[in-house]
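Letters go in sequence order (proteins before strands), and every chain restarts at 1. Just the heavy atoms: all of them, side chains too, but no hydrogens, waters or symmetry mates, feed the values below.
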2 protein chains.
Amino acid sequence: MRALVVEDDPDLNRQLSRALEDAGYAVDSALDGEDGHFMGDTEPYDVVVLDLGLPKMDGVTVLERWREAGRGFPVLILTARDRWSEKVAGFDAGADDYLTKPFHTEELLARMRALTRRAAGHTTSTIECGGLSIDTRGARVFIDGAPVKVTSHEFRMLSYLAHHQDRVISRTELVEHIYDQDFDRDSNTIEVFVGRLRKKIGTDRIETVRGLGYRLVDPVARPVS
Amino acid sequence: MRALVVEDDPDLNRQLSRALEDAGYAVDSALDGEDGHFMGDTEPYDVVVLDLGLPKMDGVTVLERWREAGRGFPVLILTARDRWSEKVAGFDAGADDYLTKPFHTEELLARMRALTRRAAGHTTSTIECGGLSIDTRGARVFIDGAPVKVTSHEFRMLSYLAHHQDRVISRTELVEHIYDQDFDRDSNTIEVFVGRLRKKIGTDRIETVRGLGYRLVDPVARPVS
DNA sequence: GCTCCCCCTGAACCCGTGCTGAACAACTTA
DNA sequence: TAAGTTGTTCAGCACGGGTTCAGGGGGAGC
């Protein structure tokens, strides 16, 4: 678990970082808003402790920019007791929790744990097609609940087909999305993969459209042509 | 200890209630989602067993509404073996544990004990995965209750895998979350740690997904392919 | 019906990935 | 200082899997 501490008071910063390290986090720290913003923007943290009163760029602005840029890590904000309006602004900017100074490190740690755990259970997108379900995060494939072993490339290919199911996908389109750069065009790798996939998930799930490409379908839902 | 059983199959419902009563719980039961939701919303239960496939209101919705309303009791969800995605949705909605049908009542009782104990000793944030439990606070690991000695880095790694169990974690993601800043990218430290962890907690708990990374799984919950 | 071309399939090759044992370095503890 | 942990590196090995090739089958068009 990586944590970022953005706090301008050097003593408090060190104390927080130390506490988090002892709690098992890998901690980076920043002493002003600009540094903090940059670090949160470039490194994948699991949780962030963010003071709102910061030099160079205030905490609310930092948080707003992170959220605009799509950084979704949970953020716990620290506010002084008498700055009640800041707290509201912080929540509006996308904070997940807050704590007013002074506080006990125990309480901070408890809240951090809650945040990281909550974030851990987030969104798992599985694609369904007939009895076929594709767990894009776990890189697993199931047919009617039974796991199917697929290799990395097979999975990429099936995943792409599933994202565009019922559409005809040309060979070149598949190649472009499965492989990094250029690829030997006159090769039958794609066909081989299609064949292997058909063996694993059933012949009738991947239709071949002669001269055009392939199409992933739900075999039972398909009207008898 | 008060328990609520929400299960639409009358036979299974009675069987569960009976088993829990024998174990010393005061049990209420509901046969559909609406009743279950109302009861959980109005009575202070210590633990809830919730089937996901329910008439009138499905289990995930029930759970979501409870959590939105601030009901914090631990919830163990029951899923059919072939509804893998439901399990994930249940966790997202705030479930604490799950069990796939069919199951042994002994296992259900064991998990219930774990849940209530965890809820009782507040902030005992331990992550469970099969018989593997990870005490994030004490940095300790247990297999079926027996302590396992792991080093600091081993623990961080296992902890991260556990926070994202059933997800494939790439080597780089592991490195980024275990180590503070930069790290020699072409090093096989991760593999060595995986190997050592496997020796300690069992080979089948950490799956390697070739070309992608590793995945922490519950070895018993997974049906033999 | 015949032919061409596209597609499928089985097998083999070979490279990369990942696993393992051991040694080494850094650090802590007695 | 010596002994024991813990983290890291290295080299060798095994094998999984991506790629290629050759041959066969079957549509589509004439």
Output for pair (Leu197(A) CG, Arg205(A) CZ), nearest 0.5 Å, gives 12.0 Å
Integer-rounded Å distance: dC8(C) P and Asp204(A) CG = 14 Å
To 10°, what angle do the rotation axes through the five end pairs on each side of the helix from dG1(C)-dC30(D) to dA30(C)-dT1(D) form?
-> 30°
Pairs where residues 193-202 of chain B contributes a residue and the test salt bridge (charged side-chain N to carboxylate O under 4.0 Å, His left out) is met, not counting sequence neighbours = Glu154(B)-Lys200(B)
Report the distance from atom CG of Leu132(A) to atom CD of Glu128(A), rounding to the nearest 0.5 Å.
-> 8.0 Å
Determine: side-chain N/O of Thr189(A) to OP1/OP2 of dT20(D), distance under 4.0 Å, yes or no.
-> yes
Listing time: all N or O pairs from protein to nucleotides 26-30 of chain D that are below 3.5 Å?
| residue | atom | partner | partner atom | Å |
| --- | --- | --- | --- | --- |
| dG26(D) | N2 | Arg210(A) | NH2 | 3.2 |

How far does CG of Leu216(B) sit from CD1 of Ile169(B), to the nearest 0.5 angstrom?
-> 9.5 Å
Taking only side-chain nitrogens and oxygens of Thr151(B), does any of them come within less than 4.0 Å of OP1 or OP2 of dG7(D)?
-> yes
Nucleotide-resolved protein contact map, nucleotides 19-25 of chain C, B/S/- at heavy-atom distance under 4.0 Å = SBS----
When the distance from NE2 of His153(B) to P of dT28(C) is rounded to whole Å, what number comes out?
-> 14 Å
Basic-acidic side-chain contact under 4.0 Å: Asp35(A), Lys56(A) | no
Rounded to whole angstrom units, what separation is found between the CD atom of Glu207(B) and the P atom of dG16(D)?
-> 15 Å
Mind checking whether Trp66(B) and Phe73(B) have parallel, tilted or perpendicular rings, split at 30° and 60°?
-> perpendicular
d(CG, Leu212(B); C1', dG16(D)) in whole Å | 14 Å
Who passes side chain to side chain contact (heavy atoms under 4.5 Å, CB included) against Ser170(B), sequence neighbours left out?
-> Thr172(B), Glu173(B)
Return no unless some side-chain N or O of Ser187(B) is found under 4.0 Å from OP1 or OP2 of dT8(D).
-> no
d(CD, Glu154(A); P, dT19(D)) in whole Å | 11 Å
Quick one: are Leu76(A) and Leu50(A) in side-chain contact, heavy atoms under 4.5 Å?
-> no
Provide, to the nearest angstrom, the distance between the NZ atom belonging to Lys149(B) and the P atom belonging to dG4(D).
-> 13 Å
Taken in chain and number order and not counting sequence neighbours, the residues that satisfy side chain to side chain contact (heavy atoms under 4.5 Å, CB included) with Asp58(A) are Val60(A), Thr61(A)
Report yes if the side chains of Val141(B) and Phe155(B) come closer than 4.5 Å at any heavy-atom pair, otherwise no.
-> yes
Give the rounded distance in Å between these two atoms: CD1 of Ile206(A) and P of dC7(C).
-> 15 Å
From CA spacing to verdict: salt bridge (Lys or Arg N to Asp or Glu O under 4.0 Å), Arg215(A), Asp166(A) | CA-CA 6 Å; Arg215(A) 177 170 50 199; Asp166(A) 287 325; 6.0 Å; no
Phe193(A) has an atom CZ; how far is it from atom P of dC7(C), in whole Å?
-> 18 Å
